[in-house]
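Naming: A, B, ... by sequence-line order, numbering from 1 per chain.
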Number of protein chains: 2
Amino acid sequence: MGLIPKSIALKYSGQVIRVRKGDSVFREGEPALFFYQVEEGSVKMVTSSEDGREFIQGVFHAGESFGEPPLFCHIDYPATAIAITDSHVLKIPKDRFFQLLQENFAIHLRFDEGLCQSLRYKNMILSEVSFHTPEHRLQTLFRHLRETLPKKQGHIEVPFTRQVIADMIGLRVETVIRSIKKMESEGKLTLKGGKIRL
Amino acid sequence: MGLIPKSIALKYSGQVIRVRKGDSVFREGEPALFFYQVEEGSVKMVTSSEDGREFIQGVFHAGESFGEPPLFCHIDYPATAIAITDSHVLKIPKDRFFQLLQENFAIHLRFDEGLCQSLRYKNMILSEVSFHTPEHRLQTLFRHLRETLPKKQGHIEVPFTRQVIADMIGLRVETVIRSIKKMESEGKLTLKGGKIRL
DNA sequence: GGTTTCGTATGATTCGAATCATAAAGGGCG
DNA sequence: CGCCCTTTATGATTCGAATCATACGAAACC
């Protein structure tokens with residue numbers, strides 16, 4: 001699985017780099033020179049406001065690509081990509097990547113599918129953030145995670161802290177904590193030592 | 001201009017349909033069977049909440065395509081497309097459209113660019129809606145419009161009502177009206193008979 | 001031309017999430 | 001183990017946008 005098989009990536013000057021937890025793959029304002037895909041671990045994409053708050057545009061896991069828009073729009077990165085665990089990231093130079101797409105229509109199609117998935121996610125979060133209550137936002141995010149994350153023995157353990165969740169749906173930690181507690185008391189989810197189970 | 005020239009569209013079973021102001025091109029829940037592109041007029045994409053409020057995911061003008069994600073993700077439409085003026089819309093059957101992309105790499109690339117532009121817009125609005133004040137949201141939206149819309153003799157006249165603006169950035173009409181009045185008094189924009197000039 | 005409808009405008013009030021403050025429970029590590 | 005730092009937890013207070021109410025100008029309609 002993964003958008004681009006390593007065997008093919010190698011033919012197009014692809015190389016895998018290691019990124020430590022907390023380090024950035026690229027930062028806001030830098031020119032977009034490479035295509036990136038997570039091989040191992042996970043990477044978050046964040047934009048931060050003047051006063052230090054950050055909004056998490058997305059979290060990417062093994063097999064998912066990220067940071068494509070600037071490649072196609074020929075602009076500098078409008079956001080920063082940071083590893084949230086030690087990770088391996090595949091990078092392919094921009095022009096070689098376009099060549100790869102041209103010569104592999106099937107991959108190109110799957111690439112588009114990835115973009116579209118991303119758009120769907122954003123549309124979803126957007127309408128949530130713009131007119132739904134904290135609880136509703138959480139439920140929608142959790143539903144999405146349920147559909148996306150691999151489930152082990154019937155349930156899913158949310159792999160994010162409450163702060164990260166807050167930054168994903170535009171809320172404050174305290175609000176997320178309170179809402180989750182409320183949802184637990186209503187039986188909408190269970191808490192197992194702080195971890196959220198769906 | 002426009003993503004797909006009419007001459008090429010015709011080779012792939014493309015046809016132009018007329019849509020009256022207020023009528024829908026497709027509705028939430030319907031299967032995605034066609035690729036769509038605005039030829040004339042403009043189309044809005046909306047999701048509505050249970051209680052009737054609507055959020056405008058985007059407004060598309062001549063030359064822009066819309067409703068692509070469901071085509072690639074093989075899902076039903078999660079939103080409804082409505083003409084906001086009498087419009088002409090080009091439609092190409094799904095399978096023919098994929099064929100078109102496969103046989104026209106340059107168009108495929110520009111198509112991706114469109115998707116990426118859309119993603120950029122959403123990322124922008126998303127961080128605005130999730131942690132900025134009404135005034136900041138308006139300024140960012142207006143900056144975007146300044147970069148996007150064609151300007152006539154040095155200024156731009158915003159082609160949206162305050163209600164539409166509110167639905168684009170997750171605010172209420174009254175809040176938009178108040179903020180705009182304030183911005184006018186601070187010289188950040190001018191009002192000419194109700195119309196907003198940038 | 002007069003009436004209806006839509007868009008803009010403004011004031012008063014409510015309400016809920018942000019903010020501020022503080023504490024307790026985990027988790028990693030020397 | 002005991003210490004430190006992160007994360008979770010909870011209460012009190014503030015504050016600003018939503019809500020409610022109402023009016024008025026302008027465009028659309030018969």
Taking distance alone, no hydrogens or angles, what donor-acceptor pairs closer than 3.5 Å link side-chain atoms of residues 21-34 of chain A to residues at least two apart or in another chain?
{"from": "A/Ser24", "atom 1": "OG", "to": "A/Arg27", "atom 2": "NH1", "distance (Å)": "3.1"}
{"from": "A/Glu30", "atom 1": "OE1", "to": "A/Arg27", "atom 2": "N", "distance (Å)": "3.3"}

Considering only distance and modelled atom types, tabulate donor-acceptor pairs under 3.5 Å from the side chains of residues 176-183 of chain A, sequence neighbours left out.
{"from": "A/Ser179", "atom 1": "OG", "to": "A/Thr175", "atom 2": "O", "distance (Å)": "2.8"}
{"from": "A/Lys182", "atom 1": "NZ", "to": "A/Glu135", "atom 2": "OE1", "distance (Å)": "2.5"}
{"from": "A/Lys182", "atom 1": "NZ", "to": "A/Glu186", "atom 2": "OE2", "distance (Å)": "3.4"}

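Taking each heavy atom of B/Phe98 and B/Leu71 in turn, the nearest pair found is CZ-O, 3.9 Å. Shown here for B/Ala83 and B/Val19, the closest heavy-atom pair between the two residues is CB-CG1, 3.8 Å. Pairing each heavy atom of A/Ile156 with each of A/Arg146, the nearest pair is CD1-CA, 3.3 Å. Of all non-hydrogen atoms in A/Ser87 and A/Ser42, the two that sit nearest each other are OG-N, 3.2 Å. Contact between A/Leu189 and A/Leu191 at its shortest, heavy atoms only, is CD1-CD2, 4.1 Å. When all heavy atoms are compared, the tightest approach of B/Ser118 to A/Leu119 is OG-CD2, 3.6 Å.
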Please list each protein N or O that sits under 3.5 Å from an N or O in nucleotides 13-19 of chain D, with the distance.
{"from": "D/dA18", "atom 1": "OP2", "to": "B/Thr175", "atom 2": "OG1", "distance (Å)": "2.3"}
{"from": "D/dT19", "atom 1": "OP2", "to": "B/Arg172", "atom 2": "NE", "distance (Å)": "3.3"}
{"from": "D/dT19", "atom 1": "OP2", "to": "B/Arg172", "atom 2": "NH1", "distance (Å)": "2.0"}
{"from": "D/dT19", "atom 1": "O4", "to": "B/Arg178", "atom 2": "NH2", "distance (Å)": "3.0"}

Please produce a list of atom pairs where a protein N or O lies less than 3.5 Å from an N or O of nucleotides 4-6 of chain D.
none

Protein-nucleic acid N or O pairs under 3.5 Å, nucleotides 23-27 of chain D:
none

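Within residues 180-190 of chain B, no residue places a heavy atom under 4.0 Å from DNA chain D.
Look at CD1 on B/Ile165: it is 16 Å from C1' on C/dC6, rounded to the nearest Å. Atom NZ in A/Lys192 sits roughly 13 Å away from atom P in C/dG26 (whole-Å rounding). Here the C1' atom of nucleotide C/dC20 and the CD1 atom of A/Ile177 are 14 Å apart, to the nearest Å. The nearest whole Å value for the distance from the CD atom in B/Gln163 to the P atom in C/dA9 is 14 Å. The interatomic distance linking A/Lys195 (NZ) with C/dG26 (C1') rounds to 11 Å, in whole Å.
In this structure, a donor-acceptor pair under 3.5 Å is present between the side chains of B/Lys94 and B/His74.
The side chain to side chain donor-acceptor pair (under 3.5 Å) analysis of residues 164-174 of chain B, with sequence neighbours excluded, yields the pairs B/Gln163-B/Asp167.
In the helix from C/dG1-D/dC30 to C/dG30-D/dC1, the terminal helix axes, each the rotation mapping four pairs' C1' atoms onto the next four within five end pairs, subtend 50°, rounded to 10°.
Partners of B/Glu54 under the salt bridge (Lys or Arg N to Asp or Glu O under 4.0 Å) rule, at least two apart in sequence or in another chain, are B/Lys44. In this view, A/Arg197 and A/Glu157 satisfy the salt bridge (Lys or Arg N to Asp or Glu O under 4.0 Å) rule, not counting sequence neighbours. Under the ring pair (Phe, Tyr, Trp, His ring centres under 6.0 Å) criterion, B/His144 pairs with B/Tyr121, sequence neighbours left out. Residues passing the side-chain hydrogen bond (donor to acceptor under 3.5 Å, both in side chains) test with A/Ser65, sequence neighbours excluded: A/Glu68.
Phosphate contact (OP1/OP2 of C/dG7, side-chain N/O of B/Arg162, threshold under 4.0 Å): absent.
Checked against the 6.0 Å centroid threshold, A/Tyr36 and A/Phe97 do not count as a close aromatic pair.
Checking B/Ile56, B/Ile125, B/Thr140 one by one against B/Ile169, the side chain to side chain contact (heavy atoms under 4.5 Å, CB included) holds for a single residue, B/Ile125.
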